[in-house]
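Quick caveat: nothing in here was measured; it's all calculated off a predicted structure. We name chains A, B, ... by the order of the sequence lines, and we start the count at 1 in each one.
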Amino acid sequence: MIHRRKIFNLLQSDQPIDHVLIKGWVRTRRDSKNFSFLEINDGSCLKNIQIVADNALTNYDDITRLSTGSAVAVSGKLIESKGSGQKWEIVAKRLEIISIAPETFPLQKKRHTDEYLRTIAHLRPRTNKYGAAFRIRSELSFAIHKFFRDRGFKYIHSPIITGSDCEGAGELFRVTTLPMDHPPLLDGKTDYTKDFFGKEANLTVSGQLSAEMFALALGDVYTFGPTFRAENSNTSRHVAEFWMVEPEMAFCDLKGNMDLGEEIIKFLTGFILDACIEDIELFAKYVDKQLITTLNHVAEAEFKRISYTTAVEILKQSGKTFEFEIDFGKDLQTEHERYLTEAHFKKPVIVFDYPKTLKPFYMRLNNDQKTVAAMDVLVPRIGEIIGGSQREERLDVLENRMDEMKMPKQNYWWYLDSRRFGSVEHSGFGLGFERLLMLVTGITNIRDVIPFPRTPNSIEF
RNA sequence: UCCCCAGUAGCUCAGUUGGCAGAGCAGAUGGCUGUUAACCAUCGGGUCCGCGGUUCGAGUCCGUGCUGGGGAGCCA
């Protein structure tokens, strides 16, 4: 019995092979007088391999009834193709039909809309475009671990279930084992002391607070895992469950943080251009004609760094009328971010030092007492892809800010402890993994870069 | 959550002033050919998103609901 080979490897062969075995799914079939030509894909790469099935095969009648989507196992000889469309093909000695996809198989030999494919998300990875997208997703995940490991970062598994009830501004998904239709009550309100953890629990909206604790022990760390936001967001850039990369570095200020943010975007873009060029070319051909130019530009151009104050001045002097007027103290709207990165600088832009009123409690207060050491990386088409900051390491300043924002300090006793015992300057950021995938593939809807997207009113599959 | 657009065959869409429901692709059948999203011919295929209304008559007009998409807010 010979081993199953991946089509990816066979197509790279530099010589014919007498005995090969492949298994995969039929993409299309073309019958000729004495043969049937089958295109087989096994998911290992974008390309199919052509099978030549001679009518002398004992099950030839069944072979000529093979439909798109059917599964087969083919053993035979890998030879240089006599046709002109491909280098290699397999002349079948034996073609086993593993299972037939009937004519109700929803994927046809033609282009489908992304909207339709979303309704059959369980089958869409069998298409060229989604196969490519999810191969790239896999490579990009690997590249993230490689990037950090090469730089001495340690990978931290931060918890998915958290007990902090306001670690971020985002809406939270409650985690409970209490019966929803008749929860135990105390003074008319749900009694969470009877719940599984003895208090309210939620799905995490960020691994940052955990990562900070480990950065202050292991030096440079990162998390890479699922994140949950219960916001009622209905856009092409938001999902309720997504993956986030969060590095956190001890002895690192905002500049070092920006350096790392720029470096990782460049590294990952370059890595994918190198490792996934065949799949990337599909997107360059059918999704975004400018994709490879854009990616090369992102990988090589120096990111523009400007303060929030400068950004506001640029926007005011742009002569452009925005739907939302910009002024110091107002948040940058999508239209403002797009103007900066797409029209004004035409490359990735890092905006830093935002007014403290716009940002969360943990960001480090600057000497002007008005701004905090925050930074956002904006890229063309996507907008914000990274949000981060230098963290407030001074206990008294941190406690003052929490008081100002009326936060219950006792819930954060352990977080504050880190500022009591050997506190040091440190920084980190969150990088949206799906948004990064949108950047490198040119895919414009975030629902199409995650296997089974979760959005308001939608959790099929 | 707000604003805008769409929903017609398995898929992608057309459907005129309110007057018999259409095309391409897919499928089935037959033919041709070392074929390349193969090609040629024939055939089958409809809850026109749901509900209500206007009208002699509604795919078409009005109201409402649902679903999908685009944009905004929130953000990764």
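Side-chain nitrogen and oxygen atoms of A:Gln333 include at least one within less than 4.0 Å of the OP1 or OP2 phosphate oxygen of B:G73. Using a 4.0 Å cut-off, some side-chain N or O of A:Arg118 falls inside it from OP1 or OP2 of B:G69. The side chain of A:Lys33 places no N or O atom within less than 4.0 Å of a non-bridging phosphate oxygen (OP1 or OP2) of B:U35. Contact annotation: A:Asn445 reaches the phosphate of B:G70 (side-chain N/O to OP1 or OP2, under 4.0 Å). For the OP1/OP2 pair of B:G34 and a distance below 4.0 Å, the side-chain nitrogens and oxygens of A:Ser81 include no atom meeting the criterion. Contact check, A:Thr235 against B:G73: no side-chain N or O comes under 4.0 Å of OP1 or OP2. Contact check, A:Thr334 against B:G73: a side-chain N or O comes under 4.0 Å of OP1 or OP2. Phosphate contact (OP1/OP2 of B:U35, side-chain N/O of A:Arg30, threshold under 4.0 Å): absent. Proximity of A:Thr113 to the phosphate of B:U12: a side-chain N or O atom is located under 4.0 Å from OP1 or OP2. Phosphate contact (OP1/OP2 of B:A72, side-chain N/O of A:Arg237, threshold under 4.0 Å): present. Residue A:Ser32 has a polar side-chain atom (N or O) positioned under 4.0 Å from OP1 or OP2 of B:G34.
Computed from coordinates, the A:Trp88 CH2 to B:U35 P distance equals 21 Å when rounded to whole Å. Rounded to whole Å, atom P of B:C11 lies 16 Å from atom CG of A:Asp114. With rounding to whole Å, A:Gln50 atom CD is found 11 Å from B:A37 atom P. Straight-line distance from the CG atom of A:Leu172 to the P atom of B:C74: 18 Å, rounded to whole Å. Distance A:His336 NE2 to B:C75 C1': 17 Å, rounded to the nearest Å. Atom P of nucleotide B:G69 and atom OH of A:Tyr116 are separated by 15 Å, given to the nearest angstrom. As a whole-Å value, the separation of A:Leu38 CG from B:U36 C1' is 13 Å. Here B:G69 presents its P atom at 12 Å from CG of A:Asn457, a figure rounded to the nearest Å.
Ion pairing between a basic and an acidic side chain is recognised when a charged N comes within 4.0 Å of a carboxylate O; A:Glu241 and A:Arg229 show no such pairing. Note on A:Lys47 versus A:Asp279: no salt bridge recorded, every NZ/NE/NH1/NH2 to OD/OE distance being 4.0 Å or above. Looking at A:Lys356 and A:Glu404, a side-chain N of the basic residue comes within less than 4.0 Å of a carboxylate O on the acidic one, giving a salt bridge. One finds no salt bridge joining A:Arg391 and A:Glu425 here, because no Lys/Arg side-chain nitrogen approaches an Asp/Glu carboxylate oxygen to under 4.0 Å. Here A:Arg447 does not pair with A:Asp114 in a salt bridge; the nearest charged N to carboxylate O distance is not below 4.0 Å. Salt bridge present: A:Glu262 and A:Lys266 bring a charged side-chain N and a carboxylate O closer than 4.0 Å. The residues A:Arg65 and A:Asp62 are annotated as salt-bridged, a charged nitrogen and a carboxylate oxygen being separated by less than 4.0 angstrom.
Using atom C1' as the reference point in both B:U29 and B:C66, the two lie 40 Å apart (nearest Å). Rounded to whole Å, the separation between the P atoms of B:G57 and B:G52 comes to 16 Å. Remark: the separation of the C1' atoms in B:U60 and B:G7 is 14 Å, to the nearest Å. With both ends at atom C1', the span from B:U35 to B:G70 equals 42 Å, rounded to whole Å. For the P atoms, the distance from B:A23 to B:G46 is 14 Å, rounded to whole Å. For the P atoms, the distance linking B:C74 with B:C62 amounts to 35 Å, nearest Å. Comparing the P positions of B:C61 and B:C20 gives a spacing of 16 Å, expressed to the nearest Å. Taking atom C1' in both B:A37 and B:C51, one finds a spacing of 42 Å when rounded to whole Å.
Between the side chains of A:Ser307 and A:Asp353, no donor N or O sits under 3.5 Å from an acceptor N or O.
When atom types are taken as modelled, the side chain of A:Ser138 and the backbone of A:Phe134 share no donor-acceptor pair closer than 3.5 angstrom.
Not a single donor-acceptor pair, N or O on each side, falls under 3.5 Å between the base of B:G7 and the side chain of A:Glu115. A donor-acceptor contact under 3.5 Å links the side chain of A:Arg435 to the base of B:C75. Interface remark: the A:Asp31 side chain does not form any donor-acceptor pair with the B:U33 base, using a distance-only criterion of under 3.5 Å. Between the side chain of A:Gln86 and the base of B:U35, a donor-acceptor pair under 3.5 Å is found.
Residue A:Gln108 is classed as a base contact, given a heavy-atom separation below 4.0 Å to a base. Note on A:His238: a base of the nucleic acid sits closer than 4.0 angstrom, heavy atoms only. When heavy atoms are screened at a 4.0 angstrom cut-off, A:Val239 is found touching base atoms of the nucleic acid. Residue contacts for A:Ile382: at a heavy-atom cut-off of 4.0 Å it reaches no nucleic acid atom on any strand shown.
Base pairing analysis places B:G63 opposite B:C51; the two distances defining the Watson-Crick or G-U wobble pair are each below 3.5 Å. Pair assignment for B:G68: B:C5, on the basis of Watson-Crick or G-U wobble contacts that are both within less than 3.5 Å. Taking a pair to require two hydrogen-bonding distances under 3.5 Å in either a Watson-Crick or a G-U wobble arrangement, B:A28 pairs with B:U42. The nucleotide B:A58 finds no pairing partner, because no Watson-Crick or G-U wobble arrangement with both distances shorter than 3.5 Å includes it.
Aromatic pair A:Phe214/A:Tyr222: centroids not less than 6.0 angstrom apart. Separation of the A:His145 and A:Phe147 ring centroids does not fall under the 6.0 Å cut-off.
Under the stacking criterion of a centre-to-centre distance below 5.5 angstrom and an interplanar angle below 30°, A:Phe37 is not stacked against the six-membered ring of B:G34.
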Could you go through nucleotides 39-41 of chain B and list every protein N or O atom that sits under 3.5 Å from one of its N or O atoms, giving the distance for each pair?
none

